[in-house]
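Okay, so here's the structure we're looking at.
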Amino acid sequence: MSDSATAPRNVAFLGLGTMGFPMAGHLARAGHAVTVYNRTAAKAEAWVAAHGGRSAPTVEEAVAGADTVFLCVGGDDDVREVTAKALGALAPGAVIADHSTVSAAVSREMDALASARRVSFLDAPVSGGQAGAEKGILTVMVGGDADAFARAQPLMAAFGRSVVHMGPSGAGQLTKMVNQICIAGLVQALAEGLSFAQRAGLDGHKVVDVISKGAAQSWQMENRGHTMLDGKFDFGFAVDWMRKDLGIVLDEARRNGATLPVTAVVDQFYADVQAMGGNRLDTSSLMKRLTAKG
Ligand code: NAP
């Protein structure tokens with residue numbers, strides 16, 4: 001899937017979760033020398049069994065000698081913890097690319113810490129979900145130093161179809177926030193439409209097939225419409241992660257004055273899904289909340 005025709009590089013990948021595991025795999029397939037680290041060591045062993053390369057028992061050992069370090073972990077505090085460890089072992093001139101979705105503030109904080117050690121820190125959140133990571137067709141929105149971006153971009157092309165520099169540190173995360181705002185209301189609208197179709201006695205699958213060819217078409221409708229009707233939510237992007245992301249969005253909106261009434265209410269709908277035990281269900285489980293209401 002990769003079109004990253006670039007000389008082999010020494011890289012490290014930290015965090016082999018739903019996203020990181022396949023992303024690191026694309027880097028190895030593109031011919032780079034990849035050392036992986038995962039907090040739970042079994043995943044790192046499974047990755048090496050699948051892709052070759054090397055695993056290391058600590059962050060510090062994984063990044064030693066790497067010119068570029070990728071991370072894809074959890075929230076702000078996870079990025080702080082992993083970045084601090086990496087910075088302790090990286091040589092000046094190295095680049096850290098953080099693919100986690102976190103606040104713009106923590107990205108700027110990490111950028112300042114990294115700069116003090118003459119390391120570059122790029123905030124580089126991704127969109128495209130598990131399937132996009134597996135197929136190597138993610139969208140990567142990057143903030144930070146332009147020269148560091150130019151060096152990291154050919155590597156990110158191993159797992160990204162669209163890899164775009166959005167501006168200074170934090171600009172990648174701010175772009176990802178726009179992405180999440182656009183998704184939240186849309187998934188709720190899709191859940192409402194499909195639940196309406198069911199109550200109206202229509203064949204929901206036929207409805208999705210026909211209206212996805214018209215103006216209501218969306219990635220969510222094409223990729224999640226049928227599974228929502230079938231009550232399948234055991235895959236994809238977890239509700240817990242979406243609540244983290246919407247929390248970041250709503251915090252940022254309080255700072256910049258943006259009015260996000262739909263995003264705020266959908267965030268509460270996701271809290272309902274969590275209360276129903278749906279923490280790890282896909283975000284399309286907003287449908288479950290409507291059907292559960294009987
Ligand atoms: P995941 O499957 O839960 O995996 C998280 C990974 O991060 C695991 O490898 C975990 O290690 C590691 N980790 C978390 N906190 C850590 C810490 N403090 N120190 C060391 N390792 C730590 O998550 P994911 O779905 O891959 O998502 C990762 C990031 O990408 C999140 O920021 C998420 O919002 C973002 N994202 C996800 C998607 C998606 O569709 N899943 C899409 C776009 C963006 P263990 O194995 O030890 O738990």
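Both counts, for ligands and for their atoms, begin at 1 and track the order of listing. Being a predicted model, the structure only gives us computed values, none of them experimental.
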Discussion item. Parallel, tilted or perpendicular: which one describes the rings of Phe159 and His99, with boundaries at 30° and 60°?
Written reply: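 Perpendicular, since the angle between the ring planes exceeds 60°.
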Worksheet item: Taking the inter-plane angle between the rings of His165 and Phe149 on a 0 to 90° scale, is it parallel (under 30°), tilted (30 to 60°) or perpendicular (over 60°)?
Response: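 His165 and Phe149: parallel rings.
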For [atom], what's the nearest protein heavy atom and its distance?
atom                    : value
atom 42 (C) of ligand 1 : Met19 CE, 3.6 Å
atom 34 (O) of ligand 1 : Lys244 NZ, 2.9 Å
atom 32 (O) of ligand 1 : Gly74 O, 2.8 Å
atom 14 (C) of ligand 1 : Arg39 NH2, 3.7 Å
atom 46 (O) of ligand 1 : Lys43 NZ, 2.7 Å
atom 47 (O) of ligand 1 : Thr40 OG1, 2.5 Å
atom 4 (O) of ligand 1  : Gly17 CA, 3.3 Å

Would you indicate which of [options] comes nearest to [atom] when only heavy atoms are counted?
atom                    : options                        : value
atom 35 (C) of ligand 1 : Val126, Thr101, Ile248, Leu138 : Thr101
atom 36 (N) of ligand 1 : Phe235, Trp241, Phe237         : Phe237
atom 8 (C) of ligand 1  : Asp240, Asn38, Asp78           : Asn38
atom 5 (C) of ligand 1  : Val73, Asp76, Asp282           : Val73
atom 19 (N) of ligand 1 : Val79, Asn179, Val82           : Val82

Fill in: Per-residue contact class, Leu16 against ligand 1 - non-hydrogen pairs under 4.0 Å
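For Leu16, only backbone atoms sit under 4.0 Å from ligand 1.
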Worksheet item: For ligand 1, which part of Glu81 has a heavy atom less than 4.0 Å away: the side chain, the backbone, both, or neither?
Response: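 Answer for Glu81: side chain.
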Under 4.0 Å from any heavy atom of [X], which atoms of ligand 1 are there?
X      : value
Lys176 : 43 (C), 44 (C)
Gly15  : 9 (O)
Arg280 : 2 (O), 3 (O)
Gly129 : 40 (O)
Ser100 : 32 (O)
Cys72  : 6 (C), 7 (O), 28 (C), 29 (C), 30 (O)
Gln130 : 40 (O)

Worksheet item: Hey, are the side chains of Thr227 and Phe233 touching, using non-hydrogen atoms and a 4.5 Å cut-off?
Response: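 With C-beta onward as the side chain, the pair stays apart.
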Worksheet item: Can you check whether Asp230 reaches His205 side chain to side chain, under 4.5 Å on heavy atoms?
Response: yes
Look up atom [atom1] in [X] and atom [atom2] in [Y], then write down how far apart they are to the nearest 0.5 Å.
X      : Y      : atom1 : atom2 : result
Arg254 : Leu260 : CZ    : CG    : 10.0 Å
Leu190 : Met221 : CG    : CE    : 5.5 Å
Ser284 : Met242 : OG    : CE    : 11.0 Å
Asp245 : Thr263 : CG    : OG1   : 12.0 Å

Discussion item. Checking side-chain hydrogen bond (donor to acceptor under 3.5 Å, both in side chains) between Arg80 and each of Asp76, Asp78, Asp77, which is the one that passes?
Written reply: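 Considering Asp76, Asp78, Asp77, a side-chain hydrogen bond (donor to acceptor under 3.5 Å, both in side chains) with Arg80 is found only for Asp77.
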Practice prompt. Apply the side-chain contact (heavy atoms from CB on, under 4.5 Å) test between Ser218 and each candidate in Ile183, Leu186, Asn223; give the one that qualifies.
Written response: Leu186
Discussion item. Does Asp240 form a salt bridge (charged side-chain N to carboxylate O under 4.0 Å, His left out) with Arg280? I'd like the steps, not just the answer.
Written reply: CA-CA 6 Å; Asp240 279 353; Arg280 288 298 292 186; 5.9 Å; no
Worksheet item: Has the side chain of Gln173 got a donor or acceptor atom that lies under 3.5 Å from a matching backbone atom of Ser100?
Response: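 Yes; at least one donor-acceptor contact below 3.5 Å.
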Fill in: Donor-acceptor contact below 3.5 Å, side chain Lys176 vs main chain Val126
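Checking the backbone N and O of Val126 against the side chain of Lys176, a donor-acceptor pair under 3.5 Å is found.
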